[in-house]
Amino acid sequence: MKKIGFGSLSLIFLIGGILISFNFGFSNKNIIGDEIFNFFGLKAWSCDSEGFHYTVILMMILLGISFYLGRKYPNDMGATLSKSISIILLIITTLLLIYAIIAHSPETIYCQ
């Protein structure tokens, strides 16, 4: 059985990265990441409720940390699984982000 160590934290970062991109019945229909930004008095979108969604960057940072820890400490419990899931989600998110940048006009992304 694998030991619990720093690599096990990668599972926590993976779950955090996934959870901030979900809505669990908030009355204003914001996802958890948006609520985190609102709590700290920051905007979650570049233009009111459209444009660039900063929560995506927060999610990618958490997934990146998960991947890093899973790669650095592969012998810890949950590290290998979270590393694999993190890289898959990072690739999908990156491709969707590239598509969104290409498909939408710069005015929508940059509030012009």
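The CD1 atom of Ile31 lies 8.5 Å from the CE atom of Met59; values are rounded to the nearest 0.5 Å. Here the CG atom belonging to Leu42 is positioned 11.5 Å from the CG atom belonging to Asp34, to the nearest 0.5 angstrom. Taken from CD1 in Ile15 to CD1 in Ile85, the straight-line distance is 9.0 Å, to the nearest 0.5 Å. Here the straight-line distance linking atom NE2 of His53 with atom CZ of Phe37 works out to 8.0 Å at 0.5 Å rounding. Ile88 contributes atom CD1, which lies 11.5 Å from atom CG of Leu63 (distance to the nearest 0.5 angstrom). Note that CD1 of Ile61 is 11.0 Å distant from CG of Leu90, once rounded to the nearest 0.5 Å.
Between Val56 and Met60, the closest side-chain pair of non-hydrogen atoms falls below 4.5 Å. Side chains of Tyr54 and Trp45 form no contact here, defined as non-hydrogen atoms less than 4.5 Å apart.
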**OP:** Output, in order, the C-alpha distance, side-chain angles, deciding distance and verdict of side-chain contact (heavy atoms from CB on, under 4.5 Å) for Leu9 and Phe6.
**Re:** CA-CA 5 Å; Leu9 289 175; Phe6 283 114; 4.0 Å; yes
**OP:** Report the C-alpha distance between Leu69 and Phe13 in whole Å, list the side-chain angles of each, state the deciding distance to 0.1 Å, and finish with yes or no for side-chain contact (heavy atoms from CB on, under 4.5 Å).
**Re:** CA-CA 9 Å; Leu69 290 174; Phe13 282 103; 3.8 Å; yes
Original post:
Can you check side-chain contact (heavy atoms from CB on, under 4.5 Å) on Ile87 and Arg71, steps first, answer last?
Top reply: CA-CA 10 Å; Ile87 194 66; Arg71 186 169 179 249; over 6 Å; no
Original post:
What's the verdict on side-chain contact (heavy atoms from CB on, under 4.5 Å) for Leu95 and Ile92, showing C-alpha distance, side-chain angles and the deciding distance?
Top reply: CA-CA 5 Å; Leu95 292 173; Ile92 291 170; 5.9 Å; no
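Here the options are Ile20, Ile12, Leu89, the test is side chain to side chain contact (heavy atoms under 4.5 Å, CB included), and the partner is Leu62; only Ile20 passes.
Side-chain contact of Ser8 with Asp76: a donor-acceptor pair under 3.5 Å is absent, judged by distance alone. Side chains of Ser82 and Ser10: a donor-acceptor N/O pair is present below 3.5 angstrom, by distance only.
Under the 4.5 Å side-chain heavy-atom criterion for ILVMFWY residues, a single connected hydrophobic cluster contains both Ile36 and Phe39.
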